[in-house]
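Inspection log for the structure reproduced underneath, given as structure tokens.
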There are 2 protein chains.
Amino acid sequence: MELRQLKYFVRAAELLNFTQAADDLYITQSTLSHQIKELETSLNVLLFDRIGRRVKLTESGEIMLEYARRTIRQAEEAKQVLMDLNNLKTGKIIIGSTYGLVNLLLQSATEFNEEFPDIQIQIVLGSTSDLMQKIRSYEIDCMLSFMPSSEDNQLDVMRLFSANLSLILHTSHPWSKLKKITFQKIAELPLVLPSQSYSIRNFLDETLLKNNMQLKAKIEINDIHSLLDLVNSKKWCTILMDTSLFHFPELVAVPIESKNITREATITFPSGIYRKASLVFFQNLIMKKMVMHNLV
Amino acid sequence: MELRQLKYFVRAAELLNFTQAADDLYITQSTLSHQIKELETSLNVLLFDRIGRRVKLTESGEIMLEYARRTIRQAEEAKQVLMDLNNLKTGKIIIGSTYGLVNLLLQSATEFNEEFPDIQIQIVLGSTSDLMQKIRSYEIDCMLSFMPSSEDNQLDVMRLFSANLSLILHTSHPWSKLKKITFQKIAELPLVLPSQSYSIRNFLDETLLKNNMQLKAKIEINDIHSLLDLVNSKKWCTILMDTSLFHFPELVAVPIESKNITREATITFPSGIYRKASLVFFQNLIMKKMVMHNLV
DNA sequence: TATTATAAATCGAAAATTTCGATCGTTTAC
DNA sequence: GTAAACGATCGAAATTTTCGATTTATAATA
């Protein structure tokens with residue numbers, strides 16, 4: 001058993017397709033096939049069921065996948081600790097985010113880069129559940145998301161700030177000074193809404209359902225920035241979390257009058273494993289930003 | 001970085017002598033030298049200080065040693081879990097013991113072998129501190145010892161039974177029916193004592209010191225069984241924990257009247273890591289034996 | 001049902017890596 | 001000052017890994 005073989009195995013187990021996995025690993029399919037077999041021989045166990053031309057993990061394979069990841073992780077942690085020890089500010093951090101928080105993330109990423117110009121920041125957008133799965137398999141270092149405080153003790157979830165479902169208006173709009181607003185009133189306005197691919201949209205739809213309300217969007221769009229551009233043009237309004245307004249000084253958020261319009265933004269790490277220096281810095285950066293914006 | 005290199009590194013770090021380590025690993029010194037250098041290159045860090053013809057670990061090396069062991073351990077755990085899953089009752093368990101408990105261990109070993117004839121039992125005798133160090137570096141699977149309940153949360157210590165410092169006599173001796181006896185009285189008897197290499201002897205000496213007492217042994221011997229043979233010949237007495245009497249039906253233990261004559265026998269595992277099926281069986285065996293002998 | 005496309009296994013050769021044995025250069029011990 | 005001990009280095013040998021081509025089996029399609 002060698003780390004190389006474990007890495008090959010993990011990728012093959014993830015893709016369940018030797019050809020693709022081999023491409024991904026920049027080796028040939030024959031090499032992968034051979035090395036998997038070698039690993040199986042050394043463990044004296046079959047890791048894959050070869051059913052015809054397709055493969056699936058055996059029970060042993062499922063278990064081995066977990067241990068293989070842990071072993072690789074342990075080795076990478078060793079390397080990272082040594083790098084931190086030597087104050088080597090190089091490498092990469094991979095940060096997951098839901099669409100609703102990518103705005104916040106991008107700002108922090110810029111500041112991060114000023115401190116660590118040689119550390120690459122890789123951003124992975126996805127749904128909360130996508131990202132949680134990636135955290136578990138160590139594919140991302142941390143994630144930003146709106147999340148119901150989960151009881152999973154494999155995850156280290158920290159609260160960042162509360163966000164309220166709000167009507168987003170241009171300051172020139174007569175209602176922009178309101179302290180709050182009802183769904184009934186909103187129904188009168190020309191609405192642009194984010195498309196279903198955003199979790200905010202699901203949250204809005206659920207909230208409407210609970211309130212026995214309906215809202216029809218005149219326009220749907222799958223890019224928050226473009227959406228806000230539209231609102232900025234004074235012709236439209238939208239509904240977003242009030243914290244999505246970074247960089248639009250002429251827009252205001254009016255909280256909606258209803259129950260359960262609050263969501264908690266969180267940053268999540270896999271728990272119990274070494275947190276590299278750069279990642280700790282990133283975490284502090286994000287949290288400091290929260291304080292600065294009085295969002296806490 | 002490969003597991004092979006980590007294994008080479010760990011052995012070299014333990015022996016701090018490449019030539020010896022290479023012998024131990026059944027490779028040549030040149031191979032070891034080369035592979036260590038390869039590892040250092042891949043980590044971009046020096047693991048050893050080469051001072052003249054001698055080597056010592058760098059700070060990075062010390063840290064790496066810990067991570068290397070963890071990584072190797074994780075890989076071996078994977079293998080073990082798969083073996084357990086397939087009900088493969090083969091392999092090896094390595095059990096540490098202090099001299100005072102090896103008697104108990106040997107009995108259990110015999111029973112263990114009846115259940116798992118294909119699992120090799122390797123017994124490592126040593127002092128409590130020796131063994132604790134070996135537990136920490138995963139050299140032994142568990143250990144039997146008398147131990148003051150340690151607060152180390154890296155160790156999983158379980159109590160087996162209490163043992164009292166006792167005078168050991170032949171049943172024919174007039175004092176053999178006594179319920180207890182003082183050190184003053186014992187001083188009148190012809191004593192054989194275990195030599196300083198046994199922890200029981202240290203414990204006895206400390207207890208005497210606390211009681212402002214002295215005892216002179218006529219004979220000292222570094223083998224408990226031979227010592228008991230002498231006592232069995234009716235000419236001698238000795239002082240041991242009362243639980244050391246297995247297999248000598250004609251000997252009795254008379255507890256000594258004094259404070260702090262009790263020690264707790266314990267079985268200790270490294271905590272938080274997978275315990276293979278055979279080891280769990282061994283643990284149950286030992287604990288069941290305790291119940292059977294009413295030692296709990 | 002025959003045909004085609006897909007995917008893993010297998011085989012032999014090439015490439016790369018690991019290992020070895022011999023030797024070199026220091027350092028330590030006597 | 002000499003000999004022994006030890007790690008580094010070098011080139012060659014052995015082993016392992018990788019590759020490309022081919023085979024085999026299966027699923028999809030005509």
Side-chain angles (χ1 to χ4, degrees), chain A residues 1-62 64-65 68 71-72 75 78-79, chain B residues 1-62 64-65 68 71-72 75 78-79:
Chain A
M1 188 183 353
E2 288 296 343
L3 286 173
R4 174 175 31 76
Q5 294 169 334
L6 295 181
K7 285 174 191 161
Y8 289 177
F9 164 67
V10 167
R11 202 74 197 108
E14 281 169 353
L15 297 175
L16 290 176
N17 179 322
F18 283 22
T19 309
Q20 270 177 253
D23 278 354
D24 197 77
L25 293 161
Y26 299 107
I27 56 175
T28 61
Q29 173 264 324
S30 100
T31 299
L32 181 63
S33 220
H34 190 101
Q35 288 293 306
I36 295 278
K37 172 165 280 189
E38 195 72 1
L39 180 61
E40 288 178 321
T41 304
S42 76
L43 293 169
N44 205 32
V45 107
L46 277 182
L47 297 168
F48 291 97
D49 269 333
R50 280 83 162 170
I51 315 153
R53 79 192 198 199
R54 107 182 5 166
V55 289
K56 71 183 252 279
L57 283 170
T58 60
E59 188 188 353
S60 295
E62 294 280 3
M64 189 61 199
L65 176 57
T71 307
I72 294 163
K79 202 166 179 174
Chain B
M1 187 181 359
E2 288 296 343
L3 285 173
R4 175 176 30 78
Q5 294 168 333
L6 295 181
K7 285 175 192 160
Y8 290 177
F9 164 68
V10 167
R11 202 73 197 113
E14 281 168 354
L15 296 175
L16 290 176
N17 180 319
F18 283 21
T19 310
Q20 270 176 255
D23 278 355
D24 198 75
L25 293 160
Y26 300 107
I27 56 174
T28 61
Q29 173 264 323
S30 99
T31 298
L32 182 63
S33 225
H34 189 93
Q35 288 295 305
I36 295 277
K37 171 165 280 187
E38 195 70 1
L39 181 61
E40 288 178 320
T41 305
S42 75
L43 293 170
N44 205 32
V45 105
L46 278 182
L47 297 169
F48 291 98
D49 271 332
R50 279 82 162 172
I51 316 153
R53 83 186 195 200
R54 109 181 7 168
V55 288
K56 70 183 251 278
L57 283 171
T58 60
E59 190 189 353
S60 295
E62 294 279 3
M64 190 60 200
L65 177 56
T71 307
I72 294 163
K79 202 166 179 174

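The sequence lines fix the lettering, A, B, ..., with proteins before strands; numbering per chain opens at 1. Only heavy atoms go into these numbers, but all of them, side chains included; no hydrogens, no water, no symmetry mates.
Nucleic acid contact class of T19(A) (heavy atoms, under 4.0 Å, all strands): sugar-phosphate only. No engagement by F48(B) is indicated, since no non-hydrogen atom pair under 4.0 Å with the nucleic acid exists.
For Y8(A) and dT18(D), the shortest distance from a side-chain N or O to OP1 or OP2 is below 4.0 Å. One finds a side-chain N or O of K37(A) lying less than 4.0 angstrom from the OP1 or OP2 phosphate oxygen of dT10(C). OP1 or OP2 of dC19(D) sits under 4.0 Å from a side-chain N or O of T28(A). Put simply, R54(A) has no side-chain N or O that comes within less than 4.0 Å of OP1 or OP2 on dA27(D). Contact check, S33(B) against dA8(D): a side-chain N or O comes under 4.0 Å of OP1 or OP2. At the phosphate of dA8(C), OP1 or OP2 sits under 4.0 Å from a side-chain N or O atom of N17(A).
In this structure, F18(B) has its ring center at least 6.0 angstrom away from the ring center of Y8(B).
Between E40(A) and K37(A), none of the side-chain N atoms (NZ, or NE/NH1/NH2) sits under 4.0 Å from a carboxylate O, so this pair counts as no salt bridge.
Atom CZ of R50(B) sits in a crowded spot, with more than 12 heavy atoms from other residues, nucleotides or ligands closer than 6.0 Å.
At a cut-off of 3.5 angstrom, the base of dA8(C) holds no donor-acceptor pair with the side chain of R50(A). For a distance-only test at 3.5 Å, the side chain of S30(B) qualifies as a donor-acceptor partner of the base of dG21(C).
When rounded to the nearest whole Å, the span between CZ of F18(B) and C1' of dT19(C) equals 16 Å. We find that CG of L3(B) is positioned 16 Å from C1' of dT18(C), with the value rounded to whole Å. Straight-line distance from the CD atom of Q29(B) to the P atom of dT26(C): 16 Å, rounded to whole Å. Rounded to whole Å, the distance from CD1 on I36(B) to P on dT19(C) is 12 Å. Rounded to whole Å, atom C1' of dA8(C) lies 14 Å from atom CG of L16(A). Across the protein-nucleic acid pair, E40(B) atom CD and dG7(D) atom C1' stand 12 Å apart, rounded to whole Å. Put simply, CD1 on I51(B) is 16 Å from C1' on dA5(D), counting in whole angstrom units. Atom pair Q35(A):CD and dC19(D):P shows a separation of 10 Å (rounding to whole Å applied).
If you check dT17(D), dC20(C), dT19(C) against the side chain of Q5(A), the one that comes closest is dT17(D).
Of the candidates E2(A), R4(A), K7(A), R4(A) is the only one forming a side chain to side chain donor-acceptor pair (under 3.5 Å) with Q35(A).
Of the inter-residue distances, the one linking I36(B) atom CD1 with Q29(B) atom CD reads 11.0 Å to the nearest 0.5 angstrom.
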